[in-house]
Amino acid sequence: MENEIRSLLGTALGELFGPEAAAVNLVLEVPRDRSHGDLATNVAMSLARTLKKPPRKIAEELVAHLEGQDTFLESITIAGPGFINFRIGSSIWHHSLADILKKKTAYGRTHAGEDFPVMVEYVSANPTGPLNVVNARAAAFGDTLVRLFDAAGYKVASEFYINDVGRQIDLLGESLLARYEQVQGRGEGQIPEDGYQGEYLIELAQELDAKEIDASLADKSDSEKRDIMSRHAVEKLRAWQEKDLKAYGTQFDRWFYQHELYPQGVEDTFKLLQEKGLVEERDGAQWFRATQFGDDQDRVLIRANGDPTYFLADLAYHTSKESRGIKRSIDIWGPDHHGYIERMQSAMEALGFGRDWLEVLIVQQVNLLSDGKQVKMSKRKGEFITLQDLIEEVGKDAARFFFLQRRAESHLDFDLDLAKKENDENPVFYVKYAHARISGVIRKATEQGVSESQDADLSLLKEAPELALIKVLHRFPAIIASAAAQREPHRLTTYLREVAQAFHLFYHECRVISDNSDLTSARLALCRASQIVVSNGLSLMDISAPERM
RNA sequence: GCGCCCGUAGCUCAGCUGGAUAGAGCGCUUGCCUCCGGAGCAAGAGGUCACAGGUUCGAAUCCUGUCGGGCGUACCA
């Protein structure tokens with residue numbers, strides 16, 4: 001119906017003030033204060049300057065013009081400095097309700113994204129240890145964003161990029177080798193100074209098949225031994241991460257190994273930049289002229305020792321995405337990588353993708369609070385709260401909901417004690433409770449032999465809380481579309497709280513199961529529609545919608 | 001030094017491409033169950049939107065500067 005009003009307004013503007021006025025960017029929004037109507041536009045104010053007329057005068061002419069027509073609008077009023085407020089007739093809302101009941105699990109899905117191919121790359125944690133809480137936040141954010149894109153009609157793919165090449169991985173191999181020697185009782189294993197001290201490597205070393213490992217290590221050089229152990233460590237730890245993520249509800253279309261880019265992808269990308277004249281040698285290394293694209297310094301592609309940098313591999317990786325048809329790569333990075341954005345976008349421009357082809361979202365840090373005190377984490381020393389710990393501690397649903405209540409870039413205080421509480425202090429229960437309550441009413445009705453009816457007379461829903469609830473439910477597809485377009489999954493939690501609130505108010509004011517069987521049918525239909533929205537919304541976040549609790 | 005993020009109620013945070021009297025949850029005060037789930041509903045107290053300028057019909061929102069907090073500034077990844 002927004003579109004209908006849009007076209008009504010557009011036509012009226014053209015007829016009254018000419019094509020220039022009709023071309024204005026029409027802003028139509030739901031007023032914060034519901035007494036202002038269902039939708040409002042500020043068009044009279046924004047045209048005041050070009051038309052050289054006072055806004056209220058423009059509004060008056062516009063309204064007079066619209067009122068001469070037969071529309072579905074119940075009223076059109078002018079308010080404040082020149083807002084035009086529209087009130088929509090209740091029959092339209094009843095149609096909207098019928099639409100929800102018809103679409104069921106598909107309600108909320110739109111084609112807003114027009115099949116635009118995007119890729120969301122997220123978590124991408126180093127395979128050097130278990131996942132931490134920032135990874136958990138990024139995972140909830142990323143997989144919800146992926147589902148939002150899907151629901152909003154984008155063509156979306158998801159990937160986890162595994163940094164299985166480089167010095168960190170060498171250190172990991174050396175660390176595991178040392179642990180292995182220790183576990184085998186040879187005692188000569190010494191973890192490198194800046195190696196990985198975490199106890200999980202002991203566990204991992206114990207799981208290794210000694211016979212097989214000893215055979216594969218025999219007669220090998222130190223670096224070969226290290227590489228063998230690196231491969232074991234990466235595969236074990238990666239599988240471990242995948243298992244934890246799956247338990248958390250996060251899955252990827254593909255796990256992309258950095259080593260898949262060697263040597264071909266890396267060489268090709270390097271040559272391409274070279275052909276464009278964007279590479280120069282300095283101090284024995286090969287540098288990308290990033291400063292030509294706005295970066296504050298040039299960046300090394302190939303080190304003096306001949307090894308490609310992580311940066312070059314990352315360029316090859318993004319080239320791979322582009323050649324697979326991705327039109328927009330949305331990378332979700334941790335807070336320690338924001339200094340890397342400019343460099344990457346400069347390179348994307350150099351490669352001809354355009355700087356905006358790569359969109360980076362930074363998921364900010366998480367402060368875990370317990371007993372009001374901050375829980376400190378250090379990956380190297382192996383002291384941290386892992387994703388697994390978190391799920392065990394507060395549960396998957398609570399963890400997800402907490403992460404998804406906040407914007408990605410806001411620093412998050414995560415109160416473990418609060419998330420653990422199974423009472424009304426914990427916001428996740430409010431929405432789940434609404435779902436359980438709705439389910440309970442529908443169940444009760446069925447038990448009493450009052451079943452739902454396909455042809456319930458929805459026009460019987462005339463009470464203020466009933467219409468208010470329908471209006472909230474009606475916004476769901478727009479919420480999904482805007483959450484996807486703005487990359488802001490937190491709009492979903494905010495919205496679902498609104499839905500729950502509107503439902504609770506309706507429930508409190510309007511008795512569903514009564515002697516009036518027609519009204520009972522209509523209200524049961526409204527309950528069902530509410531259940532559909534809450535359930536669809538929670539499932540976008542992979543949070544359960546319980547029938548009872 | 002330079003760059004990025006953040007600064008909104010006692011606490012944790014929303015505030016949609018600038019819009020009408022700045023909101024929610026928790027906490028605090030007070031009402032509401034003979035009746036479909038009270039894990040609920042209603043009412044109240046609580047604000048110089050860090051500060052100062054600017055842009056305009058209109059700024060929490062955009063621009064500049066200042067002050068706080070965090071992070072980053074590698075031939076690490």
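All chains are named by letter (A, B, ...) in the order of the sequence lines, taking the proteins before the strands, and each is independently numbered beginning at 1.
- The side chain of A/Arg49 lies closest to B/C57, out of B/A14, B/C57, B/C6.
- For B/U17, the OP1/OP2 oxygens have a side-chain nitrogen or oxygen of A/Gln486 closer than 4.0 Å.
- Rounded to whole angstrom, the span from the CD1 atom of A/Ile513 across to the P atom of B/C36 amounts to 9 Å.
- For the pair A/Arg497 and A/Tyr430, the cation-pi test (distance below 6.0 Å, angle within 45°) is failed.
- As a whole-Å value, the separation of A/Asp336 CG from B/C5 P is 16 Å.
- The partner of B/C4, taking Watson-Crick or G-U wobble pairs whose two distances both stay under 3.5 Å, is B/G70.
- Across all strands, A/His337 comes closer than 4.0 Å to base atoms (heavy-atom distances).
- The aromatic rings of A/Tyr154 and A/Phe116 sit perpendicular to each other, their planes meeting at more than 60°, with 30° as the lower class boundary.
- Listed nucleotides B/G37, B/A77, B/G69 differ in distance to A/His411; the shortest reach to its side chain belongs to B/G69.
- The side chain of A/Pro31 lies closest to B/A20 when the candidates are B/A20, B/U17, B/C5.
- Without hydrogens or angle criteria, A/Gln286 side chain to A/Ala304 main chain gives no donor-acceptor distance under 3.5 Å.
- In this structure, A/Cys510 reaches the bases: a heavy-atom distance under 4.0 Å links it to at least one base atom across the strands shown.
- Taking atom C1' in both B/G15 and B/A59, one finds a spacing of 13 Å when rounded to whole Å.
- The partner of B/G27 is absent, by the rule that a Watson-Crick or G-U pair needs both atom distances under 3.5 Å.
- Counting only heavy atoms from C-beta on, A/Tyr507 has its side chain closest to B/G37 among B/U12, B/A39, B/G37.
- Below the 3.5 angstrom threshold, one finds a donor paired with an acceptor across the side chain of A/His338 and the base of B/C71.
- A/Arg238 and A/Tyr257 are linked by a side-chain donor-acceptor pair at a separation below 3.5 angstrom, with hydrogens and angles left out of the test.
- In this structure, B/C36 shows a glycosidic angle more than 90 degrees from zero, which is the anti conformation.
- Listed candidates were B/A39, B/U21, B/C76. Nearest to the side chain of A/Asp33 is B/U21.
- Proximity note for A/Arg497 (side chain, C-beta onward) versus B/A24, B/A77, B/U21: the nearest is B/A24.
- Residue A/Arg491 is the one, among A/Arg491 and A/Val512, whose nearest nucleotide of RNA chain B lies closer to the 5' end (criterion: closest heavy atom).
- Side-chain N/O atoms of A/Asp296 and base N/O atoms of B/G3 include no donor-acceptor pair closer than 3.5 Å.
- For A/Asn85 and A/His36, the side-chain atoms include no donor-acceptor pair closer than 3.5 Å.
- Nucleic acid contact for A/Ala40: base, since at least one base atom lies under 4.0 Å from a heavy atom of the residue.
- Among the atoms of the strands shown, base atoms are found under 4.0 Å from some heavy atom of A/Asp283.
- Taking atom CZ of residue A/Arg32 and atom P of nucleotide B/G58, one finds them 18 Å apart after rounding to whole Å.
- The interatomic distance linking A/Glu29 (CD) with B/A20 (C1') rounds to 10 Å, in whole Å.
- In this structure, A/Asp515 atom CG and B/C36 atom C1' are separated by 13 Å, rounded to whole Å.
- A/Arg548 comes within 4.0 angstrom of a nucleotide base, judged by non-hydrogen atoms across all strands.
- Note that OG of A/Ser346 and CG of A/Asp298 are 10.0 Å apart. Values are rounded to the nearest 0.5 Å.
- Computed from coordinates, the A/Gln365 CD to B/C5 C1' distance equals 10 Å when rounded to whole Å.
- Considering only side-chain atoms of A/Ala304, the nucleotide from B/G37, B/C75, B/G69 that sits closest is B/C75.
- The residue among A/Lys444 and A/Ser482 whose nearest nucleotide of RNA chain B is located toward the 5' end is A/Ser482.
- We find that the ring of A/Phe83 and the base of B/A20 stack, their centres lying under 5.5 angstrom apart and their planes tilted less than 30°.
- Taking atom CG of residue A/Asn305 and atom P of nucleotide B/C75, one finds them 12 Å apart after rounding to whole Å.
- Ring planes of A/Trp333 and A/Tyr340: tilted class, angle from 30 to 60°.
- Rounded to whole Å, the separation between the P atoms of B/G46 and B/G7 comes to 25 Å.
- Under the Watson-Crick or G-U wobble criterion, with both distances below 3.5 Å, B/G65 is paired with B/C51.
- In terms of polar N and O atoms assigned as donor or acceptor, the side chain of A/Asn85 comes within less than 3.5 Å of the base of B/A20 in a complementary pairing.
- Residue contacts for A/Leu412: at a heavy-atom cut-off of 4.0 Å it reaches the sugar-phosphate backbone alone, with no base atom in range.
- Whole-Å rounding puts the A/His36 NE2 to B/G19 P distance at 14 Å.
- Within 4.0 Å (heavy atoms only), A/Gln448 reaches no atom of the nucleic acid at all.
- Side chain of A/His338 to main chain of A/Pro335: a donor-acceptor pair is present (N/O by atom type, distance under 3.5 Å, no hydrogens or angles).
- The residue A/His504 sits close only to the backbone: its heavy atoms come under 4.0 Å of sugar-phosphate atoms, none of a base.
- Among the atoms of the strands shown, none is found under 4.0 Å from any heavy atom of A/Ala445.
- When heavy atoms are screened at a 4.0 angstrom cut-off, A/Glu547 is found touching base atoms of the nucleic acid.
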